[in-house]
Amino acid sequence: MSELDDIEGLAAEYVLGTLTREERQVVADRRVTDKALDLAIEAWERRLAPLIETISPVTPSPNLYDKLRAQIEPYQHVVSLKAREQLLARRAARWRNAFVGATAIAASLVGVLGYRETVGRDEARQYVAVLDSGDDLPAFLLTVDTGTNMCVITAVNPPAQSAKTYQVWMVSDDMPKPKSLGLVNKPGEMQAMPVQSRSEMDLLMNASFAVSVEPMGGSPTGAPSGPVMFTGKLVQATP
Amino acid sequence: MPPRDTKLEHLLAGVADGDEAAFAELYQATSSKLLGVAVRILRSREVAEEVLQEAFFKVWERASDYNAGIASPMTWMATIVRNRALDEARRRVVRPTGDESELENIASGDEHPIAALERSEDVERLLGCLDGLEPEKKEIVRLAYLDGLSREALAARFGRPEGTIKTWLHRSLAQLKGCLER
């Protein structure tokens with residue numbers, strides 16, 4: 001081959017840096033949907049990257065890291081939803097291969113939420129339930145912190161429902177019927193509630209959690225009336 | 001693939017989990033090299049530092065996208081810096097306005113002789129393959145990749161039409177690819 005075909009040529013010149021501003025934009029947009037182009041670009045990045053080693057380093061101004069730190073600071077507490085989803089997916093996939101069962105997955109997920117930043121670092125106080133149907137990405141997470149007495153339900157990646165709502169339930173042998181913990185639907189939506197008493201905490205710890213699909217506004221009967229899509233139990237979170 | 005840089009991989013995994021200490025360490029380990037990359041393309045320390053800051057912020061946000069199976073951490077980060085620097089260079093079109101004397105000091109363009117002794121195997125292989133190109137074509141590839149010269153700028157520099165430069169580039173890159181695959 002003496003010349004590069006279309007995709008190869010485009011990928012090579014994109015990585016080399018010789019395209020115009022407009023051409024660069026076209027390639028950057030196209031690679032999102034054009035897998036062959038994307039792979040060709042990655043291959044050229046690998047081929048040419050060793051040249052980077054021949055470049056003389058330049059020490060940045062001492063205050064540059066401070067500027068960066070100020071920029072990332074807010075993210076320490078509010079992890080962007082997209083990043084969180086990606087983390088969950090990555091972690092879940094990684095742990096699913098290493099361990100069997102939801103316990104390990106659940107345990108690995110806690111660090112991900114940045115939850116420890118808001119509730120302190122005593123991991124033994126934290127419990128998490130992964131509510132899913134066995135897919136990589138959990139549909140909902142329910143986290144309980146026995147130090148701050150907070151229970152938080154997060155919709156991570158539930159399948160979209162049209163004209164229906166998800167309702168989260170606590171189910172326990174010690175209760176006559178399931179108790180509604182609220183309606184949570186859109187990815188990223190959270191609901192936090194204080195745990196009022198020691199007995200309520202004990203109840204939570206030993207309960208099962210279920211998510212059912214209900215009419216808008218929640219179940220008309222006060223108990224799950226639609227299909228239960230996801231279930232889970234709390235496990236202690238150790239990173 | 002070059003030997004894996006497990007230290008940087010580990011730091012990137014920490015950054016993906018929002019670990020600021022890992023981010024600081026990653027910055028310490030790579031920022032000088034990456035600023036070197038940006039300065040070469042942008043020919044201004046000031047603009048290069050802005051680009052470096054944006055690139056590191058992107059690393060912070062996107063560390064969870066990093067895939068060790070696709071690229072080394074350095075390749076991944078350098079790609080972010082280069083893309084950002086090239087976009088900026090193209091946006092600004094003409095650059096050399098800043099203090100060129102400072103530039104000559106901070107980026108002479110030549111590798112330090114000590115660094116040359118420590119080149120890794122894959123660098124040697126790429127440089128070997130580049131040496132297989134005709135001198136003028138080798139220079140074009142280097143000027144494009146390291147200094148961010150566009151086809152247009154290369155055409156002006158070598159006194160050739162852009163179409164010729166494009167043909168040369170495609171032939172040179174095909175030859176390079178063939179050599180690297182051998």
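Using a 4.0 Å cut-off between a side-chain N of Lys or Arg and a carboxylate O of Asp or Glu, A/Glu13 and B/Lys166 do not qualify as a salt bridge. The residues A/Lys67 and B/Glu50 are annotated as not salt-bridged, no charged nitrogen and carboxylate oxygen being separated by less than 4.0 angstrom. Under a 4.0 Å N-O distance rule, the pair A/Glu23/B/Arg151 qualifies as a salt bridge.
Within the 4.5 angstrom heavy-atom criterion, only side-chain atoms of A/Arg24, from C-beta onward, approach chain B. Heavy-atom distances place both the backbone and the side chain of A/Leu19 under 4.5 Å from chain B. Only the side chain of B/Leu176 comes within contact range of chain A, judged by heavy atoms closer than 4.5 Å. For B/Thr79, the part lying under 4.5 angstrom from a heavy atom of chain A is the side chain only. The contact between B/Phe56 and chain A is made by backbone and side chain atoms together, counting heavy-atom distances below 4.5 Å. Neither the backbone nor the side chain of B/Glu162 comes within contact range of chain A; no heavy atom of the residue lies under 4.5 Å from a heavy atom of that chain. Both the backbone and the side chain of A/Glu45 come within contact range of chain B, with heavy atoms under 4.5 Å apart.
Counting heavy-atom pairs closer than 4.5 Å to chain A, the top-ranked of the candidates B/Asn83, B/Ile140, B/Leu52 is B/Asn83.
Residues A/Ile52 and B/Ala78 come closest through the heavy atom pair CD1-CB, 3.9 Å. Of all non-hydrogen atoms in B/Lys33 and A/Pro57, the two that sit nearest each other are N-CB, 4.0 Å. Residues B/Arg40 and A/Ile55 share a closest heavy-atom pair of CG-CG2, 4.1 Å. The shortest non-hydrogen separation linking A/Ala12 to B/Leu173 is CB-CD1, 3.6 Å. Of all heavy-atom pairs spanning A/Pro50 and B/Asp122, the tightest one is CG-OD2, 3.5 Å. The heavy-atom pair separating B/Ile70 from A/Arg46 by the smallest distance is O-NH1, 2.6 Å.
Taking CG of B/Leu180 as the reference point, atom CG of A/Leu48 lies at 8.0 Å (rounded to 0.5 Å). Within the model, atoms CD of B/Glu54 and CD of A/Gln71 stand 8.0 Å from one another, a figure rounded to the nearest 0.5 Å. Separation of atoms OG1 (B/Thr75) and CD (A/Glu42) is listed at 11.5 Å; rounding is to 0.5 Å. The CD atom of B/Glu152 sits 9.0 Å away from the OG1 atom of A/Thr20 when rounded to the nearest 0.5 Å. Remark: A/Tyr65 OH to B/Phe23 CZ distance equals 5.5 Å, nearest 0.5 Å. Atom CG of B/Leu130 is separated from atom CG of A/Leu51 by 5.5 Å, given to the nearest 0.5 angstrom.
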Practice task
List the steps and the verdict of salt bridge (charged side-chain N to carboxylate O under 4.0 Å, His left out) for B/Lys177 and A/Glu8.
Solution key: CA-CA 10 Å; B/Lys177 184 183 174 190; A/Glu8 271 294 301; 3.1 Å; yes

Problem - From CA spacing to verdict: side chain to side chain contact (heavy atoms under 4.5 Å, CB included), B/Ser150, A/Thr18 - result: CA-CA 4 Å; B/Ser150 65; A/Thr18 43; 5.8 Å; no

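Side-chain atoms of A/Arg47 do not come within 3.5 Å of backbone N or O of B/Leu126 as any donor-acceptor pair. Under a 3.5 Å cut-off, the side chain of A/Arg69 and the backbone N or O of B/Ala24 do not form any donor-acceptor pair.
When B/Leu143, B/Leu149, B/Leu86, B/Val141 are each tested for a side-chain contact (heavy atoms from CB on, under 4.5 Å) with A/Leu16, only one passes: B/Val141.
Counted by atom type alone, B/Glu49 and A/Ser61 present one or more donor-acceptor pairs between their side chains at under 3.5 Å.
Within 6.0 Å of the CD atom in B/Gln28, the count of heavy atoms belonging to other residues, nucleotides or ligands does not exceed 12.
Counting heavy atoms from C-beta outward, A/Arg21 and B/Asp87 have side chains that stay 4.5 Å or more apart.
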